[in-house]
Amino acid sequence: MALKQVSSNKCFEGFQKVFEHDSAELKCKMKFGIYLPPKAETGKCPVLYWLSGLTCTEQNFITKAGFHQAAAEHGLIVVAPDTSPRGCNIEGEDESWDFGTGAGFYVDATEDPWKTNYRMYSYIKDELPKLINANFPTDPERMSIFGHSMGGHGALILALKNPGKYKSVSAFAPICNPIQCQWGKKALGGYLGSDVSKWEAYDATQLVKSCPDSHLDILIDQGKDDQFLSAGQLLPDNFIAACTERKIPVVFRLQQGYDHSYFFIATFINDHIKHHAKYLNA
């Protein structure tokens with residue numbers, strides 16, 4: 001599958017690049033950011049996938065998170081895809097910020113008119129890793145995932161639905177229980193239809209109740225002053241309770257004074273890179 005390089009910038013002796021490709025899964029052109037650490041010039045590296053939140057593109061993380069130095073030091077390739085298909089000419093795709101463009105929610109839509117293009121779950125799980133492994137010096141056996149908000153939801157469900165696929169998972173302010181919050185009800189209802197039992201397949205709090213993988217070490221950072229936490233959109237307590245019941249190890253850190261922004265992410269990103277490096281470089 002042909003990759004077209006959009007940009008390349010040297011950064012901490014590695015390179016932050018952006019590529020474009022035609023996605024078979026999403027039936028449109030997609031971009032992704034990829035950081036290649038200096039180690040990638042001489043050998044294969046593990047891959048850490050970042051999933052961004054609502055309204056984001058591949059640019060938000062690579063320009064705002066400040067992850068490059070830690071990724072260079074630990075020898076991690078970091079991939080940051082877009083958050084939805086783009087320009088599919090679907091009626092209503094650009095009408096709201098929390099549904100459609102920039103809001104793929106990392107699900108495979110089953111409802112018209114979304115089901116042809118809005119297949120972000122399969123894109124992240126299958127198509128993108130195959131593309132990355134075919135074109136870059138990766139070790140396909142060493143892969144982890146993390147994300148923010150909607151992307152934190154995406155990271156958690158991908159890890160929980162695919163035991164053994166990812167060495168580790170972490171999240172910043174994830175949407176933990178989407179079937180119970182307004183963002184989730186809008187997105188899951190629109191993409192998957194009105195049968196709530198189908199939504200449960202994409203809800204981390206539901207999935208953890210039947211998760212066989214107690215070896216998955218989960219790290220979550222949550223800002224205490226996050227406006228979406230107080231608005232009931234994130235619901236981490238529900239997820240933690242479900243993990244505790246199933247004896248799934250989860251480190252949940254409520255960070256005093258922090259909000260939902262990339263300033264929060266940049267503050268704790270090195271901790272998350274270290275968390276993943278511990279498993280990816282083991």
Side-chain angles (χ1 to χ4, degrees), residues 23-28 30 49-57 81-129 145-163 165-166 169 171 173-213 228 231-236 238-239 242-243:
S23 167
E25 197 69 69
L26 309 179
K27 297 176 177 55
C28 67
M30 290 294 285
Y49 287 86
W50 169 269
L51 304 183
S52 290
L54 290 162
T55 74
C56 291
T57 69
D82 203 345
T83 55
S84 78
R86 303 253 165 197
C88 297
N89 299 315
I90 299 171
E91 191 179 340
E93 69 183 341
D94 296 321
E95 276 178 13
S96 57
W97 67 277
D98 55 357
F99 186 78
T101 302
F105 249 81
Y106 305 103
V107 304
D108 284 348
T110 55
E111 296 296 295
D112 287 323
W114 311 99
K115 65 183 183 186
T116 302
N117 305 96
Y118 277 69
R119 297 182 51 77
M120 286 298 293
Y121 176 78
S122 288
Y123 176 72
I124 300 296
K125 176 176 162 281
D126 299 318
E127 185 179 7
L128 187 61
I145 193 162
F146 65 154
H148 171 230
S149 195
M150 175 184 75
H153 142 80
L156 290 173
I157 63 166
L158 276 143
L160 291 167
K161 284 167 79 69
N162 299 281
K165 186 177 180 74
Y166 302 98
V169 61
I175 302 171
C176 290
N177 196 185
I179 66 172
Q180 298 287 356
C181 76
Q182 285 309 308
W183 279 343
K185 289 174 184 177
K186 180 175 181 177
L188 300 177
Y191 296 133
L192 305 173
S194 58
D195 182 353
V196 178
S197 66
K198 290 180 180 169
W199 305 3
E200 292 178 357
Y202 296 104
D203 184 301
T205 299
Q206 294 297 319
L207 288 167
V208 88
K209 292 173 182 175
S210 56
C211 176
D213 193 355
F228 299 116
Q233 296 281 26
L234 306 176
L235 304 172
N238 297 0
F239 180 70
C243 286

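The minimum heavy-atom distance between Ala242 and Val208, with the atom names listed, is CB-CG1, 3.2 Å. Residue Leu234 comes nearest to Ala173 through the heavy atom pair CD2-O, 3.7 Å, listed as atom of the first residue, atom of the second, then distance. Considering all non-hydrogen atoms of both residues, Ser149 and Gly53 come closest at CB-CA, 4.4 Å. A pairwise comparison of heavy atoms in Pro236 and Cys176 identifies CA-SG, 3.7 Å as the closest pair. Between Leu160 and Cys211, the shortest heavy-atom distance links the atoms CD2-SG, 3.8 Å.
Residues satisfying the ring pair (Phe, Tyr, Trp, His ring centres under 6.0 Å) test with His148, not counting sequence neighbours, are His260, Tyr262. Considering only residues two or more places apart in sequence or on other chains, Tyr123 meets the ring pair (Phe, Tyr, Trp, His ring centres under 6.0 Å) condition with His21. With sequence neighbours left out, Tyr202 forms a ring pair (Phe, Tyr, Trp, His ring centres under 6.0 Å) with Tyr121.
In this structure, Ile179 CD1 and Thr205 OG1 are separated by 8.0 Å, a value rounded to the nearest 0.5 Å. Distance check, rounded to the nearest 0.5 Å: CG of Asn238 to CG of Asn177 gives 4.5 Å. Put simply, OG on Ser84 and CG on Leu54 are 10.0 Å apart, with the number rounded to the nearest 0.5 Å. The line from CE of Met120 to CG of Asp82 is 6.5 Å long, rounded to the nearest 0.5 Å. Taking NZ of Lys125 as the start and CD1 of Ile157 as the end, the distance is 11.5 Å to the nearest 0.5 Å. Put simply, CG on Leu207 and NZ on Lys161 are 5.5 Å apart, with the number rounded to the nearest 0.5 Å.
Residue pairs meeting the salt bridge (Lys or Arg N to Asp or Glu O under 4.0 Å) criterion with at least one member in residues 107-119, sequence neighbours excluded: Glu25-Arg119, Asp108-Arg119, Asp112-Lys115. The salt bridge (Lys or Arg N to Asp or Glu O under 4.0 Å) analysis of residues 198-211, with sequence neighbours excluded, yields no pairs.
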Can you list the steps and then say if Ser52 with Trp50 is a side-chain hydrogen bond (donor to acceptor under 3.5 Å, both in side chains)? CA-CA 6 Å; Ser52 290; Trp50 169 269; 2.9 Å; yes
I would like to know whether Ser23 and Glu127 meet side-chain hydrogen bond (donor to acceptor under 3.5 Å, both in side chains); could you show each step before the answer? CA-CA 8 Å; Ser23 167; Glu127 185 179 7; 2.8 Å; yes
List the steps and the verdict of side-chain hydrogen bond (donor to acceptor under 3.5 Å, both in side chains) for Thr101 and Asp94. CA-CA 6 Å; Thr101 302; Asp94 296 321; 2.6 Å; yes
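Contact annotation: the side chain of Gln233 never approaches that of Ile175 to less than 4.5 Å [non-hydrogen atoms, C-beta and beyond]. Side chains of Arg86 and Thr57 form a contact here, defined as non-hydrogen atoms less than 4.5 Å apart. Taking the side chain as every heavy atom from C-beta outward, Pro81 and Leu51 approach each other to under 4.5 Å. In this structure the side chain of Trp114 reaches within 4.5 angstrom of the side chain of Ile90, judged on heavy atoms.
No donor-acceptor distance shorter than 3.5 angstrom exists from the side chain of Thr55 to the backbone of Trp97, with no hydrogens or angles considered. Between the side chain of Trp199 and the backbone N or O of Gly193, at least one donor-acceptor pair lies under 3.5 Å. Side chain of Asn117 to backbone of Leu26: a donor-acceptor contact under 3.5 angstrom is found.
For Tyr118 and Phe105, the distance between ring centers is not under 6.0 angstrom.
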For residues 183-190, please give each side-chain donor-acceptor pair under 3.5 Å, one per line with the distance, not counting sequence neighbours.
residue: Lys186; atom: NZ; partner: Ser96; partner atom: OG; Å: 3.3
residue: Lys186; atom: NZ; partner: Asp98; partner atom: OD1; Å: 2.7

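Ring geometry, His153 versus Tyr106: the interplanar angle falls from 30° to 60°, so the pair is classed tilted.
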